[in-house]
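Step one of this worksheet: look at the structure below.
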Number of protein chains: 2
Amino acid sequence: MRLTNAKSVKQGIRAVAARAGVSTASVSRALNNPGAVSPSLRARIEQAIDALGYIPHAPARILSSRRSRTLGAIVPTIDNTMFARGIASLQQYLSSVGYMLFLTTSGYDLDVELQQARNLISRGVDGLVLRGDCHHDGLRKLLADNAVPFINVGIYQPDRPYPCVGTDNEAAAHRAAAHVIELGHRRIGIVSALQRNNDRASARVAGFRRALTENGIELPAQWHVEVPYTLDDAREAARYLLSLKDRPTAVVCGNDVIAYGVLLEAERDGFSVPRDLSVIGFDDLDWSRHLRPSLTTIHVPTGETWQRAGEYLVRSLAGEQTIMHREIDFSLVVRESTAPPPNSLK
Amino acid sequence: MRLTNAKSVKQGIRAVAARAGVSTASVSRALNNPGAVSPSLRARIEQAIDALGYIPHAPARILSSRRSRTLGAIVPTIDNTMFARGIASLQQYLSSVGYMLFLTTSGYDLDVELQQARNLISRGVDGLVLRGDCHHDGLRKLLADNAVPFINVGIYQPDRPYPCVGTDNEAAAHRAAAHVIELGHRRIGIVSALQRNNDRASARVAGFRRALTENGIELPAQWHVEVPYTLDDAREAARYLLSLKDRPTAVVCGNDVIAYGVLLEAERDGFSVPRDLSVIGFDDLDWSRHLRPSLTTIHVPTGETWQRAGEYLVRSLAGEQTIMHREIDFSLVVRESTAPPPNSLK
DNA sequence: GTGTCATCTGAAAACGGTTACAAAATAGAC
DNA sequence: GTCTATTTTGTAACCGTTTTCAGATGACAC
């Protein structure tokens, strides 16, 4: 169903050109590089454009120019406050510089991530924002083969050859554990997120463990539990830890949601936080300062992190010089959920 | 920088065709409609495809076929659990049927929403998912002019000529208010979300008010407060309400976050919930059943709602018959935060 | 008035696919 | 084996832009 009556064109750049009495080249120039066209022409063209309600056709533009002004992002899930925030921030930034964002989710599955990347590349994205540096081997090859710029966000690994922006999770976790150690705790449990395919979770566990080791503290195997990112699972883990005859006086958590679960369950089981049990989180979500007791945690500036990731790619694409590894500072926020251990258990 | 040495093509469908010794048409067919090509050819083509690591170029495909298999969604913000969930669900569904999603945010600004819609249409989306039916006049015109299918999600308005899917917020809010009235409350305050450009919030307020009116209950002006979607603002509103010499015995809230704020602040100010004050929310977020006291609220199946929105568009695009107005059931979940009013204040 | 430059403008060839149409191959009926 | 109906394949036009290249225009100095 192609209309070959080439006489008049209903829409598109040709219609605009016809109405303004100029060539399509001029219209294109007026749109993409207004300075390259004389003011009089530009005015005529602009008038024609909004007389016709002309909307440029991005796919055609991409096809012809080989640039899409679109970035792709693959996150494990959007149903996680930290990612939702990061994406919101990234999206807002990109939109402010005239870029768009294709968002997809992988569900922590490396194969799916690879598939999504293929999908995004096929869509013509100019660059890719990835979560962490835990990827399918095929993904690296894919990115290299297609010369797609990318950045790993949420981690800081200055020694790797890939660009990244994020906080040093290992160091931050170390700081968290150090905090409860400084308070006098020696019986410390860990409730972490699932480490599989999640370098952020692993780095945090590594940081916790290093702090313990450095202080000559042993970690009984049953004091380290891994749980999915839900309040229910965290509560179950807490119930288990607190039911041990030999139980910790402090629990360091892989993220705030886990900490909330531990807090809630401890209270429910009749333990008073921080008197009977100290709890420390990681991320500093909104709830942390509203809870009662409020949660001591590690503050991570997610919004900034993701925005910087966007900046990195946009600048790189513009040919500017950019910093390959950018560290985002974390900070320990001490609130009410941590205190020295009870004397009897010191 | 165009390479005109038409002898051999490095990549693209023509390279695949050359390698497989067939025409580009056959390759295209093998890709889009495998049944239309003989098994032997298909095999040769598939082999050529992954020998070359060929990835189809979506923009070219869109340009040529006039279909993008992409939907656009415009939400006020992604930094809101309900929207994040909805989007996650929509995204997952679309991905399962081979569609992609362009996500943008409007920040509750109708002009921005219009702009984003223009953007998405320019990107070649096949359809649009919009939040509610509170849009810029220009948006309706834009959609009509460009014949873009769309659906309003999160509301139920069977009397309007536009497709929609969602719960009847007015009725649900009415149910919530009726619940506290049934418990014996006559002194009922409202803390709602900002109603400006938010038909969902308005509908809920309307439902609350209708329930009061129907039961001959008056609402003093100072007992209705509007607040942004944050715990802090909700707490401030609660502080204000509870500080009135003449204060309500129950507060109906426009959403769960607001209810959390009211709950937290009430407790902080020495009120016991539900003994001194009943609180009811709306949305049924995760926290609602974990809080202490747990929150009585209206359960809204967000995930299902957004998925149905996707289904509607995908089916319409496939030419199937579809239901224009679909209602998603809500339900009242009674938990611990509501109880009869104290005798002294009945 | 003429020549030189710089600046604007337009014609037309890509960009990488899809698809209408025609041609070729195959199958089935006699 | 011939003829027709059907299926498979190929040719080439087209989708709506950008961009190269060359030609037109205008400014300026002489």
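Chain letters run A, B, ... following the sequence lines, proteins first, then strands; residues in each count from 1. All values below come from the heavy atoms of this structure, side chains included, with hydrogens, waters and symmetry mates left out.
The listed nucleotides are D/dG10, C/dT9, D/dT17; the one nearest the side chain of A/Ile13 is D/dT17. When distances are taken from the side chain of A/Ser64 to each of D/dG10, C/dG10, C/dA14, the shortest belongs to C/dA14. Comparing C/dT19, C/dA11, D/dT17 against the side chain of A/Ala25 picks out C/dA11 as the nearest. Nearest to the side chain of A/Ala60, among D/dT18, D/dT17, D/dG10, sits D/dT17. Comparing atom distances between the A/Ser23 side chain and each of D/dT17, C/dA11, C/dG16 picks out C/dA11 as nearest.
Within the structure, no pair that satisfies the salt bridge (Lys or Arg N to Asp or Glu O under 4.0 Å) test touches residues 105-124 of chain B, not counting sequence neighbours. Applying the salt bridge (Lys or Arg N to Asp or Glu O under 4.0 Å) rule to pairs touching residues 85-100 of chain A yields A/Arg85-A/Asp286, A/Arg85-B/Asp79, sequence neighbours excluded. For residues 92-107 of chain B, the set of pairs meeting the salt bridge (Lys or Arg N to Asp or Glu O under 4.0 Å) definition, not counting sequence neighbours, is empty. Note on residues 131-143 of chain B: pairs passing salt bridge (Lys or Arg N to Asp or Glu O under 4.0 Å), not counting sequence neighbours, are B/Arg131-B/Asp199, B/Asp133-B/Arg140, B/Asp133-B/Arg160, B/Lys141-B/Asp145.
Using bins of under 30°, 30° to 60° and over 60° for the plane-to-plane angle, the ring pair A/Phe83/A/Trp306 lands in the perpendicular bin.
Counting to the nearest Å, the C1' atom of C/dG16 and the CD1 atom of A/Ile121 are 17 Å from each other. When rounded to the nearest whole Å, the span between CZ of B/Arg67 and P of C/dG17 equals 18 Å. Between A/Arg61 atom CZ and D/dT19 atom C1' the separation is 14 Å, expressed in whole Å. Atom C1' of nucleotide D/dG16 and atom CD of A/Gln11 are separated by 10 Å, given to the nearest angstrom. Between the CG atom of A/Asn32 and the C1' atom of D/dT17 there is a distance of 9 Å, given to the nearest Å. Whole-Å rounding puts the B/Arg29 CZ to C/dG17 P distance at 16 Å. Taking atom CD1 on B/Ile55 and atom C1' on C/dG16, their separation rounds to 14 Å, with Å as the unit. Atom-to-atom, CG of A/Leu31 to P of D/dT17 comes out at 9 Å; the value is rounded to the nearest Å.
A donor-acceptor pair shorter than 3.5 Å cannot be found between the side chains of A/Glu304 and A/Ser89.
At the phosphate of D/dC15, neither OP1 nor OP2 sits under 4.0 Å from any side-chain N or O atom of B/Arg66. Close to C/dT18, at under 4.0 Å from its OP1 or OP2, lies a side-chain N or O of B/Ser28.
Contact check for A/Tyr156 versus A/Val165: no side-chain heavy atoms found under the 4.5 Å cut-off.
Residues from residues 35-46 of chain B with heavy atoms under 4.0 angstrom of DNA chain C: there are none.
Remark: the B/Arg14 side chain and the C/dG17 base include a donor-acceptor N/O pair separated by less than 3.5 Å.
Shown here are the salt bridge (Lys or Arg N to Asp or Glu O under 4.0 Å) partners of B/Arg42, two or more places apart in sequence or in another chain: there are none. Residues passing the side chain to side chain contact (heavy atoms under 4.5 Å, CB included) test with A/Ala60, sequence neighbours excluded: A/His57, B/Leu63. Listed by chain and residue number, B/Ala25, B/Ser26 satisfy the side chain to side chain contact (heavy atoms under 4.5 Å, CB included) test with B/Ser23 (two or more places apart in sequence, or in another chain). Under the side-chain hydrogen bond (donor to acceptor under 3.5 Å, both in side chains) criterion, A/Gln116 pairs with no residue, sequence neighbours left out. With sequence neighbours excluded, the residues that form a ring-ring contact (aromatic ring centres under 6.0 Å, His included) with B/Phe102 are A/Phe102.
Each end of the helix from C/dG1-D/dC30 to C/dC30-D/dG1 gets its own rotation axis from five pairs of C1' atoms, and the angle between them is 30° to the nearest 10 degrees.
Here A/Pro56 lies in heavy-atom contact (under 4.0 Å) with sugar-phosphate atoms only. Here B/Val27 lies out of heavy-atom contact (under 4.0 Å) with every strand.
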Please write out each protein N/O paired with an N/O of nucleotides 22-28 of chain C under 3.5 Å, distance rounded to 0.1 Å.
none

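The minimum heavy-atom distance between A/Leu128 and A/Ala117, with the atom names listed, is CD2-CB, 4.2 Å.
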